[in-house]
Amino acid sequence: APDEVTNLPGMKFKPNYRQWSGYLQARQGKFLHYWFVTSQRDPVKDPLVLWLNGGPGCSSLDGFLSENGPFHVNDNGASLYENAFSWNKIANVLYVESPAGVGFSYSDDKKYATDDDQVADDNYKALQSFFAKFPNFTQNEFFIFGESYGGIYAPTLSLRVATGAAKINFKGFAVGNGLSSFALNDQSLIYFGYYHGLFGEDLWRDLNINCCEKGSCNFYNSSSDACKTLVIVAFGIVYNSGLNEYALYLDCEGGRRSHRGYERTMIHLFKNCGKHMHTLKFSDGAPSSVSLG
Amino acid sequence: EVPPCINSTAQMNWLNRGDVRKALHIPATLPPWDLCSDDVGEQYTTLYSTVKDVYLKLISLGLRALVYNGDTDMACNFLGDQWFVEDLGLEATTKYQTWIHDDQIAGFYQQFGNITFLTVKGAGHMVPQWAPGPAFHMFQSFITNGYY
């Protein structure tokens with residue numbers, strides 16, 4: 001098979017599974033890089049799992065090389081070590097870098113503007129391209145996993161697989177720390193932040209005074225400017241004060257660098273106050289205009 | 001550059017070695033690998049402010065679903081996804097209860113027919129990275145439709 005990976009620099013162990021790395025055809029001129037590892041148990045009988053990281057714009061090779069893949073990269077950036085809890089111990093796992101423009105995926109015309117539905121369509125085409133390369137796997141039970149913004153990628157692709165013409169033995173989907181609703185993600189973060197001790201009484205009282213009425217609070221799209229400003233202060237504490245927003249009780253690796261791609265992700269996550277995110281990014285704390293009383 | 005607090009230097013250095021790219025059949029003409037793409041993120045259009053209707057269609061087609069959250073993550077916190085699953089309006093078929101891994105409480109879960117909401121205690125955004133054992137257990141239970 002042209003895409004089979006037969007040796008990898010830095011691999012000092014002999015894998016007991018096969019692996020392929022190459023390109024799947026999405027829309028005309030769009031090519032998604034895939035990396036496929038067979039199950040270490042029974043590739044014929046074990047399920048096939050598609051893994052998608054989110055972003056939007058981040059690579060599923062993070063899932064492979066840092067999360068659930070069969071091997072990870074040592075800190076020296078040169079040698080590999082085996083992952084004892086690899087998900088390909090019991091499943092065939094396919095990692096796809098999506099959409100085009102992410103990681104090693106590309107578009108002939110170098111045009112990378114896209115949207116949720118187009119990504120789902122491209123992922124569906126890429127999946128059919130995968131099954132054309134590996135027809136034996138059409139019988140295996142099939143699952144789709146998405147993480148983070150993959151909380152939108154996974155269900156939208158799942159709907160195409162479940163209702164599309166392609167014969168795929170689709171059984172279900174899973175979402176890890178997914179974005180499923182902007183409103184609920186915003187609303188819940190304020191409670192999460194306060195009850196994890198990030199805000200203190202002044203800000204919590206001001207949030208309640210300005211965002212709540214008759215016992216119901218709206219931290220997502222309040223019409224009150226005071227409420228919006230206080231919510232932005234709260235988000236600033238979560239995302240701009242030096243905490244590790246991915247894991248509250250872990251240090252922030254590599255200091256407080258910020259990736260514009262990441263910040264845009266936050267803007268996607270917090271659509272309504274996203275335009276202020278840039279201001280927050282360059283300020284150390286609450287914008288000067290806000291008095292916390 | 002990488003997202004804040006995430007150090008992907010090692011993968012980046014390995015993936016951008018010429019012999020690794022050759023072994024992975026990556027065209028030499030492509031730019032270096034990065035964890036996230038500005039090109040894509042900058043021009044991306046979000047169409048779904050919620051995927052509630054998509055979930056309801058998928059559940060009605062008899063598919064199985066798992067919504068899991070590392071409970072120390074703040075980018076997509078567990079409470080928001082718990083409220084999302086509860087807001088689907090499906091009847092709960094189990095109580096909200098603990099699940100055990102290696103004789104320790106690994107988190108909590110509740111099932112609503114074919115959809116399960118599950119937390120992984122102490123894990124962040126990338127659950128398999130920060131709780132590999134419980135994540136594997138959860139994965140195995142889901143794909144075999146077994147007990148958590």
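Below, chains carry the letters A, B, ... as their sequence lines are ordered, and counting in each starts from 1. In this text, all values refer to a predicted model and were calculated from it rather than measured experimentally.
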Interface moiety of T163(A) toward chain B, non-hydrogen atoms closer than 4.5 Å:
side chain
Part of I190(A) lying under 4.5 Å from any heavy atom of chain B
neither
Between E141(A) and chain B, with a heavy-atom cut-off of 4.5 Å, which part of the residue counts as in contact: side chain, backbone, both or neither?
side chain
Side chain, backbone, both or neither: which part of E4(A) has a non-hydrogen atom closer than 4.5 Å to chain B?
backbone
Proximal component of L30(B), with respect to chain A [non-hydrogen, under 4.5 Å]:
side chain
Where the side chain of H25(B) meets the backbone of D3(A), is there a donor-acceptor pair that is under 3.5 Å apart?
yes
Are any of the side-chain heavy atoms of Y23(A) and P27(B) separated by less than 4.5 Å?
yes
Given the rule in the side chain to side chain contact (heavy atoms under 4.5 Å, CB included) test, do K52(B) and S181(A) qualify, once you have shown the distances and angles that lead to the verdict?
CA-CA 8 Å; K52(B) 176 174 180 179; S181(A) 155; over 6 Å; no
Nearest-0.5 Å distance that lies between atom CD in E245(A) and atom OG1 in T72(B)
11.5 Å
Considering heavy atoms only, which positions within residues 138-148 of chain B lie below 4.5 Å of chain A?
M138(B), F139(B), Q140(B), F142(B), I143(B)
The residue among N177(A), L189(A), L184(A) that forms side chain to side chain contact (heavy atoms under 4.5 Å, CB included) with N77(B) is L189(A)
Can Q11(B) and F64(A) be said to form a side chain to side chain contact (heavy atoms under 4.5 Å, CB included), step by step?
CA-CA 10 Å; Q11(B) 298 108 298; F64(A) 189 119; over 6 Å; no
W87(A): what forms a side chain to side chain donor-acceptor pair (under 3.5 Å) with it, not counting sequence neighbours?
none
Could you tell me the separation between the CG atom of L63(B) and the CZ atom of F170(A), rounded to the nearest 0.5 Å?
5.0 Å
Region of L80(A) that comes under 4.5 Å of a non-hydrogen atom in chain B:
side chain
Check for a donor-acceptor pair, side chain of S21(A) on one end and backbone N or O of L24(B) on the other, with a separation under 3.5 Å.
yes
Go through it in stages, so that I can follow the logic: the residues are Q129(B) and Y246(A), the test is side chain to side chain contact (heavy atoms under 4.5 Å, CB included), and I'd like the CA-CA distance, side-chain angles, deciding distance and then a yes or no.
CA-CA 12 Å; Q129(B) 178 173 352; Y246(A) 280 119; over 6 Å; no
If one checks every heavy atom of N74(A) against chain B at 4.5 Å, the contacting part turns out to be backbone
Mind telling me whether W14(B) and F71(A) have parallel, tilted or perpendicular rings, with 30° and 60° as the class edges?
perpendicular
Counting heavy-atom pairs under 4.5 Å with chain A, the top scorer among V127(B), V51(B), L79(B) is V51(B)
Tell me whether D39(B) contacts the main-chain N or O of G101(A) through its side chain, where contact means a donor paired with an acceptor under 3.5 Å.
no
For E67(A) against P128(B), the heavy-atom pair lying closest together
OE1-CD, 3.3 Å
Could you tell me if the side chain of W33(B) sits less than 4.5 Å from the side chain of H33(A), heavy atoms only?
no
Considering only heavy atoms, which portion of E147(A) lies under 4.5 Å from any heavy atom of chain B: side chain, backbone, both, or neither?
side chain
If you round to the nearest 0.5 Å, how far is OH of Y112(A) from CG of D38(B)?
13.5 Å
When the 4.5 angstrom heavy-atom criterion is applied to L15(B) and chain A, the contacting part is both
Give the minimum heavy-atom separation between A174(A) and Y68(B), together with the two atoms involved.
CB-CE2, 4.5 Å
Taking distance alone, no hydrogens or angles, what donor-acceptor pairs closer than 3.5 Å link side-chain atoms of residues 53-62 of chain B to residues at least two apart or in another chain?
| residue | atom | partner | partner atom | Å |
| --- | --- | --- | --- | --- |
| S60(B) | OG | L56(B) | O | 3.4 |
| S60(B) | OG | K57(B) | O | 2.5 |

Contacting region of A100(A) [heavy-atom separation from chain B under 4.5 Å]:
backbone
Can you tell which part of D19(B) gets under 4.5 Å to a heavy atom of chain A, answering side chain, backbone, both or neither?
both
Classify the angle between the aromatic ring planes of Y44(B) and Y149(A) as parallel (below 30°), tilted (30 to 60°) or perpendicular (above 60°).
perpendicular
Does anything in residues 82-117 of chain B reach chain A? List residues with heavy atoms under 4.5 Å apart, or say none.
W83(B), F84(B)
So for F173(A), is it side chain, backbone, both, or neither that comes closer than 4.5 Å to the heavy atoms of chain B?
both
So for W20(A), is it side chain, backbone, both, or neither that comes closer than 4.5 Å to the heavy atoms of chain B?
neither
Whether the side chain of N185(A) engages the backbone of D81(B) through a donor-acceptor N/O pair (distance < 3.5 Å, no angle test) should be reported.
no
Can you confirm whether N13(B) sits close enough to N76(A) that some side-chain heavy atom of one is under 4.5 Å from a side-chain heavy atom of the other?
no
Tell me, with the steps shown, if I26(B) and Y106(A) meet side chain to side chain contact (heavy atoms under 4.5 Å, CB included).
CA-CA 11 Å; I26(B) 306 299; Y106(A) 68 94; over 6 Å; no
Here the gap from D116(A) atom CG to Y48(B) atom OH, rounded to the nearest 0.5 Å, amounts to 6.5 Å
I need the D62(A) CG to C36(B) SG distance, nearest 0.5 Å.
8.0 Å
Nearest-0.5 Å distance, NZ of residue K22(B) to CG of residue N7(A):
8.5 Å
At a heavy-atom separation under 4.5 Å, does P9(A) approach chain B through its side chain, its backbone, both, or neither?
both
